[in-house]
Each structure stands twice: as structure tokens, then as C-alpha cells.
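Please read all numbers here as calculations on a predicted model, not as lab measurements.
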Amino acid sequence: MKRVVLFLPLFATVIGLGMVSCGSDAPTVLSPVKRAPSPTSIAVWLKSSSSINWLPRQVSGRYDGASALDNIRQAAAGQAAKRSAYGTAPGGYVRLDPRMLRAMQSMAKEGYTFRVTSMAGASHSRTSRHYAGLAFDIDKINGRKVGHGNPHWRKFLARCRAMGATETLGPGDKGHSTHIHAAWPR
Ligand SMILES: [Zn+2]
């Protein structure tokens, strides 16, 4: 009698699993739900991607909690990204735009490796889209520094434009001889 009582829940579980795994009319709650991944889940993916390196400080050398690494950690925790508060940077926080996050994920999935040097942080031009969470800077692609001798950055920026970026700058543009900049519309 005691044995029956012990095994009954197990038996019920086995029967239950069997019912779920066979037949095409499994309960809808157990079916995979196809839904666009949230910005937070994309940020979690990006943060742990071995294809992407995140600068842990500003290019200027400052540690102000608003580096590319700080920003992706904040986004992966579901938080707004911190902006810098020096130069023309306004301080405060901003959500990283999901279009930008998705583009970075696509580039990693397409086989690119790259280093992100800035998103919401650092001091840029006064009306920079960085401050709106819409832009990233990258200074290394496929193990090589961005520059005239690196063959990868042009195609990288072309892919960003194909994924919605409307402001793409790189070597040849003023102030961008060693990094590329891609920004999405407001
Ligand atoms: Zn930039």
C-alpha cells in the first residue's frame, strides 16, 4: 500500500508527459511561441557573444560607468544605458535602440568579429545620435584596426545601411580615420 502511494505521482507524471509528447494537438501553452526577441534578450545574447569585444572604458581613458561594456551590461539587465557627463555629453540614461542591437547581432551571426568602443557613452558632437541610444562606434573588425588598410569596414557599413542605418561614417570622413560610426534614425 505504501509503495502504491509513493509511485502514483511518478506514474501520473509519466502518463502526463506521454500525453504531451504524442499527437498533434498538444496544449498551446507548450507550443513554441514565435515572437520578436526583446531588446533585453538581444543584449544578453550580444554581451555573451564571443564575436564581440566591448571596450571597458571610454576611448578618452575615462572609467565613468558609460563605456560600451557598461552599456551592454546595463541593457542586458533590462536597464537604460548610462551616458557620459563630460564634454558635450548630457549625462543621464537612455534605452539602446533595438534596431541597432539587432544589426549588431546580425553582423556577429554573419561571421564578423568586432570591437565596440562606444554606444550611449563618451562625448560626441552636440546633437549626436549616440546620446539617443541610436549609434555605435567600432574600431576593430575581424581582428584588424579600422583604417584605410582594413578591407572589411566598407562592407560592414554597407550591411548596416541595409539594416536601416542612415548615418554611416568611416575612414575618409572627418574624425573617423580610425573608427566607423553607424546610427539609426530618430
Ligand atoms: Zn559615433
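- Annotation for Ala66 and Lys82: closest pair CB-O, 3.2 Å, computed over non-hydrogen atoms.
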Any chance you could lay out the side chain to side chain contact (heavy atoms under 4.5 Å, CB included) test for Gln105 and Ser49, step after step, and finish with the verdict?
CA-CA 9 Å; Gln105 184 180 40; Ser49 170; over 6 Å; no
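- Looking at Arg83, its side chain does come within 3.5 Å of a backbone N or O of Tyr131 through a donor-acceptor pair.
- In the model, Thr117 has no side-chain atom that pairs as donor or acceptor with a side-chain atom of Asp139 under 3.5 Å.
- Residues Pro171 and Val146 form a side-chain contact, since some pair of their non-hydrogen atoms from C-beta on lies under 4.5 Å apart.
- Within the 4.5 Å cutoff, the side chain of Arg99 has heavy atoms near those of the Leu134 side chain.
- Taking the six-membered ring where the residue is Trp, the centroids of Phe114 and Trp153 are separated by 6.0 Å or more.
- Here CG of Asn142 is found 10.5 Å from NZ of Lys155. Values are rounded to the nearest 0.5 Å.
- Checking side-chain atoms of Arg95 against main-chain N and O of Gly78 turns up a donor-acceptor pair under 3.5 Å.
- The minimum heavy-atom distance linking Ala120 with Val94 is given by the pair CB-CG1, 3.7 Å.
- Taking NE2 from His179 and CG from Asp173, the interatomic distance works out to 9.5 Å, rounded to the nearest 0.5 Å.
- Stacking of Arg62 on the aromatic ring of Tyr86 is recorded, both the 6.0 Å distance cut-off and the 45° axial limit being met.
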Side chain to side chain contact (heavy atoms under 4.5 Å, CB included) between Leu55 and Ser67, intermediate numbers included
CA-CA 7 Å; Leu55 194 67; Ser67 70; 5.8 Å; no
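- By the rule that hydrophobic residues join a cluster once side-chain heavy atoms approach within less than 4.5 Å of another member, Phe136 and Tyr112 end up as members of one cluster.
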Audit row: Leu169, Lys174, side chain to side chain contact (heavy atoms under 4.5 Å, CB included) steps and yes/no
CA-CA 9 Å; Leu169 302 167; Lys174 194 182 172 211; over 6 Å; no
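- Heavy atoms only, all atoms of each residue included: Ile42 and Pro37 are closest at CD1-O, 4.0 Å.
- Looking only at side-chain heavy atoms (C-beta outward), Ile180 and Ile141 come within less than 4.5 Å of each other.
- Between the Arg154 side chain and the Gly170 main chain, no donor and acceptor come within less than 3.5 Å of each other.
- Gln74 contributes a side-chain N or O that, together with a main-chain N or O of Gly65, makes up a donor-acceptor pair within less than 3.5 Å.
- The cluster map of Ile, Leu, Val, Met, Phe, Trp and Tyr, joined by side-chain heavy atoms under 4.5 Å apart, puts Met163 and Leu101 in the same cluster.
- Although no hydrogens or angles enter the test, the distance criterion places a donor-acceptor pair under 3.5 Å between the side chain of Ser84 and the main chain of Ala122.
- In terms of heavy-atom proximity, Ser123 sits nearest to Gly87 at OG-CA, 3.5 Å.
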side-chain hydrogen bond (donor to acceptor under 3.5 Å, both in side chains), that's the test. Do Arg161 and Thr168 meet it? Break it down for me.
CA-CA 7 Å; Arg161 282 192 292 276; Thr168 52; 2.6 Å; yes
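- Minimum heavy-atom separation, Lys145 to Asn150: O-ND2, 3.1 Å.
- Between atom CG of residue Leu69 and atom CZ of residue Arg115 there is a gap of 11.5 Å, rounded to the nearest 0.5 Å.
- Separating the CZ atom in Arg186 from the CG atom in Asp97 is a distance of 11.0 Å, to the nearest 0.5 Å.
- Note that OG of Ser106 and CE of Met104 are 10.5 Å apart. Values are rounded to the nearest 0.5 Å.
- In the hydrophobic clustering of ILVMFWY residues, with side-chain heavy atoms under 4.5 Å counting as a link, Val59 and Trp54 come out apart.
- His130 has its ring centre less than 6.0 Å from the ring centre of His181.
- Closest of all the heavy-atom pairs between Ser118 and Gly121 is OG-O, 2.9 Å.
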Full working for side chain to side chain contact (heavy atoms under 4.5 Å, CB included) between Trp184 and Thr166:
CA-CA 6 Å; Trp184 277 257; Thr166 52; 5.8 Å; no
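- Using a 4.5 Å heavy-atom cutoff, the side chains of Val116 and Asp137 are not in contact.
- A distance of 13.0 Å separates NE2 in His152 from CD1 in Ile138, rounded to the nearest 0.5 Å.
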